[in-house]
Every structure is written in structure tokens, then in C-alpha cells.
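Just so it is clear, the structure is predicted and the values come from calculations on it, not from any experiment.
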Amino acid sequence: MKQWPRHHGPRLSRSLLNLRPSRPRRAFSAGRPFLEEESSHDPRIRDLGRRILDDYAVIRENYATPKHPIVLAHGLLGFSELKVAPYLPAIEYWHGIKQALVANKCSVVTTSVPPSGSIEERAEKLAADILAQNQTPMVNIIAHSMGGLDARYMISRLQPAGIKVASLVTIATPHRGSPFADYLVESDSSPVHLPRLYSVIRRAGLGTSAFGQLTTRYMRDEFNPRVPDDPAVRYFSYGAMIDEPSLLGAFRVPYGVVKAAEGENDGLVSVASSRWGVYKGTLVGVSHLDLINWSNRARWAVREWMGMRRNFNAVAFYLDVADMLAKEGL
């Protein structure tokens, strides 16, 4: 059997490699910097950082494995696994992602926090899940959306005994809130004023505190001032952006609301709000749900029939995040 360097994982299994789509043609290099004239039409575009077009279109054969276990922290209304019927397979938030990381010899902890509870409640459960499932104190946290806020609060305010966080990688986390939360919670112009539905949501067994905490006002005036970064933790972040959705697209309304207020976004969270710590770049043509491998397969089947190719594979992306952590010595 071929011997690999200690910091590398083995070749990925053929079943995982078969997940990769054909590599699309590059229109231009994803790694080249923005030129000033390219952003002259919209000053907000300079905040995109490195544009990532198709770096994660396919799964490579080899990825480095980080030293510390990886904790996956889900976003708003998320879960680890959801069993909807005894005769159906469970629905996974991190669809295919945990399995790929484990296949690459990563130790992985998947957490499950109150879906729409407060950041404080979610952070408490995040810490409890890590302590219950992990045997070593040092961990790397990879968080999607609101999960990044839970992790920041846990690191900064809870500082749980028995947990040391080496790094936090946030992916489309609304570090400065989301104008769409403003629209639903605080705006009179919204056709759905969410606070009017709080009693119904509570009767369904869900919390309501998360919604108000995702507003730009709350994040700016309350959360960020009292949740400073820990200088002992490495912070990395990614953002994403999509083109304007179709009239019937699920992200049509939130995309428009966020675009008007903050510019490019993934359908829910702007690039500007996603930036925290070392910003690794903006995934182009990737929606908030694409980031957790919930792409619409029927939509892509039609696009591929028309000759279009996928530019993003979530499994390849998370394997590369783990690879990046390994190369950072984490």
C-alpha cells in the first residue's frame, strides 16, 4: 500500500470522486485580482475580495488532513440529521460533506443546536455537543450562516472548560446582520411581519429569539460590541454571491432586499456581512443553500442538458477548507 506523508489523507474513494461534475471552461482566472476599472460601476464590488469561480468544481484526489477535529456548526433552522419518516433515509444538513471529510481521515463532530433559539442558547448547546462527542480539547470549527455567530459567542463569552478552539471558519455568516431580517422583523413594508407569527412558531415548538438577533441593528449595536474575537483563535471567512434569481426563484425577494441595501449576496447574506478575520474570497454563482450541498438537482440536470457545467461542488469546497487548515498547521 502506498505510504502518504503524515499530514495527508489517503486517496478519496472512487464513490466520492464520482460525485465530481465535469470541469467548466474558465472565462477568466478566479485568482486574479480585481482591477479598479472593473469595479467603477459599483464601489461595493471591491469588497468581493478574491473571486472564486470554479476552484471547487471538481474533487481532487488528495487533500491534507488537519491536526485537530473539525466541528460542523449549522445555521438558522438547521439540524444535524432530520428523520421525517421511519422508512425514509434521514435528511442531512451537511449532505455528503461529513462523509467526505471522514473518508479523508478527518475527525468530525456534527452539532445540533436549537433551530431558531437565541444565539446564547445555541452557543450553550454547541459547547455541550462538542464536549459530548470530542475526546480532545482542541478543535477547528467550520460554521455555515448563523452557526458562525453561535461559535463566536461560545469562544468569546462562554469560554467553556475543556474546549480550545484553534480556528473558526465562517461561511456566509451574517456577522453584521442581514437586511432581510430587518425586512421581516422591523419593516412595515414587508407583507409578512414575522413578529405577528411568533405565537404560531412557538406553538410549533420552535424559538423566536434568533430572528431579531439577525437584524443589522442588533449585530451592530449589541452583539459585535460585546463579542470580541479571541486573539488565540484563527478566524477565516468566505462569502458567496448569485445573479438575480428568476421571478419564481426562492431567493428572489431576499436577494433583492439584500442587494438594495448591501450589494452582492448569496440570496440571504451579503458578501460585506460575510467578511470576518482573514477573508478567503467570494464564491461566484453559489447560493446560500448550495454552500451546504442542497443544490437543486433538477435545475442542474436541465442546465447540463443545455451544455452548462457546474462551477461549484460543496464536497470539494469543504475538503479544500480542511486542506487549508492543515496547511496552516491547524
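A salt bridge does not link D320 with K280: none of the charged nitrogens is closer than 4.0 Å to a carboxylate oxygen. Ionic pairing of R275 and E262 is not present here: no N-O contact between side-chain nitrogen and carboxylate oxygen is shorter than 4.0 angstrom.
Looking at N224, its side chain does come within 3.5 Å of a backbone N or O of M219 through a donor-acceptor pair. At least one donor-acceptor pair under 3.5 Å links the side chain of S273 to the backbone N or O of G177.
For the pair A322 and I70, the tightest heavy-atom approach, listed with the atom from each and the gap, is CB-CD1, 3.8 Å. Across every non-hydrogen atom of L330 and H68, the tightest pair is O-CD2, 2.8 Å. Between L325 and F236, the shortest heavy-atom contact is CD2-CE1, 4.3 Å. Considering every non-hydrogen atom in both S116 and L206, the closest pair reads OG-CB, 3.6 Å. When all heavy atoms are compared, the tightest approach of V258 to L268 is CG2-O, 3.6 Å. Nearest heavy-atom pair across S209 and G117 is CB-C, 4.3 Å.
Ring planes of F223 and Y218: tilted class, angle from 30 to 60°. Taking the six-membered ring where the residue is Trp, Y93 and H74 present tilted rings, their angle falling between 30° and 60°.
Just one of Y63, Y238, F317 meets the ring-ring contact (aromatic ring centres under 6.0 Å, His included) condition when paired with Y56; it is F317.
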May I have the list of side-chain donor-acceptor pairs in residues 161-170 shorter than 3.5 Å, sequence neighbours left out?
{"unit_1": "S167", "atom_1": "OG", "unit_2": "N140", "atom_2": "OD1", "d": "2.7"}
{"unit_1": "T170", "atom_1": "OG1", "unit_2": "H175", "atom_2": "NE2", "d": "3.0"}

